[in-house]
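Inspection log for the structure reproduced underneath, given as structure tokens.
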Number of protein chains: 2
Amino acid sequence: MNLALIKEKITNCGLKFTHQRMVIFLALTKSESHPSAEQVYEEIKGSNPSISIATVYKTLDSFVQAGLLRKTIDQNGVMRFDSKLDAHSHLYCKTSHEIRDYENEKLEKLLQDFIESNDFDGYEIDEINVVFKGHKREKTIN
Amino acid sequence: MNLALIKEKITNCGLKFTHQRMVIFLALTKSESHPSAEQVYEEIKGSNPSISIATVYKTLDSFVQAGLLRKTIDQNGVMRFDSKLDAHSHLYCKTSHEIRDYENEKLEKLLQDFIESNDFDGYEIDEINVVFKGHKREKTIN
DNA sequence: TTGAGTGCAAAACTTTTGCATGGGG
DNA sequence: CCCCATGCAAAAGTTTTGCACTCAA
């Protein structure tokens, strides 16, 4: 994603465009692993030594409020951020705590149909979270 | 659930039977709301004033390790415990943070079939988490 | 008797908050 | 210029840990 487009995304939702927001957003779009706030901080502080972890938290929260990112909580209770906005599920490795996207149109359609054709006992469902949990198979050498 | 059965469950998995474990397990089986460690603690300390929150955490963890309970993490990053062990999904109210069981055999079968007939890119899936998130509809007075 | 379980307090860890300073529109 | 955003440090909230004591088997 180019920088002009990122600037547009940030300003379009009423947020001021700052250097910190740029690098944080960039880090998110580049990452495949749904990083935590700490991981974003580690990623960017090399080139932005004065940036504060509090700013990272506040900025990620602003982005989530603005709908630019999604937030989930992993098995360890740590917030993880996802720049992919369309309906998709996740794979979670219980060993490495890595989170990866799992994209399967049939599954998403199945789930959407399920929501539309079922009653949820007084709940207005606006989101569904599906996480397949397990262990990444070691690449066996044999 | 009667007390003898609880004792049996606890001892059967190699754990010593103690008063604390009894009351903690009992609190879990009585609760419908997937309580946090703190909530379990609040629930039981009236009748067990000397019990420690650390014991609650350690005990809940032992039960999870032993397979007597399941653990999930809610939207706030707080550990929540579930004494229901068969496959089921959850409803989460974003307002109250209440977690409720959502039991639907068709859905569970659908998911199981999906896991068995799909590839997960090197992941050995042994668990699936489905959470329907939304808001509990207010009971309208009109 | 003896090692697993408990209770207490301190520590660890993640996230939030308050406030003074800085910078974008 | 005016606020919104930032950085720092302190605080808050949850969970873990270390260690001495207790008690179930």
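Per chain, numbering begins at 1; letters A, B, ... match sequence-line order. Any value given below was found using the heavy atoms of this structure, including those in side chains, with hydrogens, waters and symmetry copies removed.
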In whole angstrom, what separates Met22(B)'s CE from dC23(D)'s P?
17 Å

Calculate the interatomic distance between Ile44(B) atom CD1 and dT6(C) atom P; express it in whole Å.
10 Å

Can you measure Lys45(A) atom NZ to dT6(D) atom C1' for me and round it to whole angstrom units?
17 Å

Could I get a table of every N or O pair under 3.5 Å where one atom is in the protein and the other is in nucleotides 20-22 of chain D?
none

Less than 4.0 Å between a side-chain N and a carboxylate O, is that true for Asp86(A) and Lys84(A)?
yes

Without decimals, in angstroms, what is the distance between Ile24(A) CD1 and dA5(D) C1'?
11 Å

Could you say whether Ile73(B) or Leu15(A) is positioned toward the 5' end of DNA chain D, judged by the nucleotide with the nearest heavy atom to each?
Leu15(A)

Taking the six-membered ring for Trp, are His88(B) and His34(B) parallel (under 30°), tilted (30 to 60°) or perpendicular (over 60°)?
tilted

Could you tell me how far apart Arg80(A) (CZ) and dT15(C) (C1') are, to the nearest whole angstrom?
16 Å

Touch check for Thr59(B), heavy atoms < 4.0 angstrom, all strands: base, sugar-phosphate only, or nothing?
sugar-phosphate

Strictly by modelled atom types, are Thr59(B) and Gln20(B) linked by a side-chain donor-acceptor pair under 3.5 Å?
no

Among dT16(C), dG18(D), dT6(D), which nucleotide has an atom closest to any side-chain atom of Lys58(B)?
dG18(D)

Need one value for Thr55(B): base, sugar-phosphate or nothing, where a base atom within 4.0 Å counts as base even if backbone is also close, heavy atoms only.
base

Report yes if a side-chain nitrogen or oxygen of Ser50(A) is closer than 4.0 Å to either non-bridging phosphate oxygen (OP1 or OP2) of dG7(D); otherwise report no.
yes

Where does the angle between the aromatic ring planes of Phe132(B) and Phe120(A) fall among parallel (under 30°), tilted (30 to 60°) and perpendicular (over 60°)?
tilted

Counting side-chain heavy atoms from C-beta on, which of dG7(D), dT15(D), dT17(D) comes nearest to Val78(B)?
dT15(D)

Compare side-chain N and O positions of Arg21(A) against OP1 and OP2 of dT6(D) and report whether any pair is under 4.0 Å apart.
yes

Check the orientation of Tyr92(A) and His97(A). Use parallel for under 30°, tilted for 30 to 60°, and perpendicular for over 60°.
tilted

Quick check on DNA chain C: between Val56(B) and Lys16(B), whose nearest nucleotide comes earlier from the 5' end?
Lys16(B)

Gln20(B), nearest nucleotide to its side chain (from dG7(C), dG24(C), dG5(C))
dG7(C)

Quick one: Ile51(A) CD1 to dA5(D) C1', roughly how many Å, whole number?
11 Å

Can you measure Asp61(B) atom CG to dT6(C) atom C1' for me and round it to whole angstrom units?
15 Å

Please report the interatomic distance CD1(Ile125(B)) to CG(Leu91(A)), rounded to the nearest 0.5 Å.
5.5 Å

Please tell me which of Glu38(A) and Ala54(A) maps to the more 5' nucleotide of DNA chain C, matching each residue to the nucleotide holding its nearest heavy atom.
Glu38(A)

Indicate whether OP1 or OP2 belonging to dT15(D) is found under 4.0 Å from a side-chain N or O atom of Tyr57(B).
yes

Regarding Ile53(A), tell me which of base, sugar-phosphate or nothing describes its non-hydrogen contacts under 4.0 Å with the strands shown.
nothing

Any Thr18(B) side-chain N or O less than 4.0 Å from OP1/OP2 of dC23(D)
no

Looking at Arg100(A) and Glu32(A), does any basic side-chain N land under 4.0 Å from a carboxylate oxygen?
no

Do Leu3(A) and Lys7(A) come within less than 4.5 Å of each other through their side chains, counting heavy atoms only?
no

Euclidean distance, atom CG of residue Asn76(B) to atom P of dT14(D) [Å, nearest integer]
9 Å

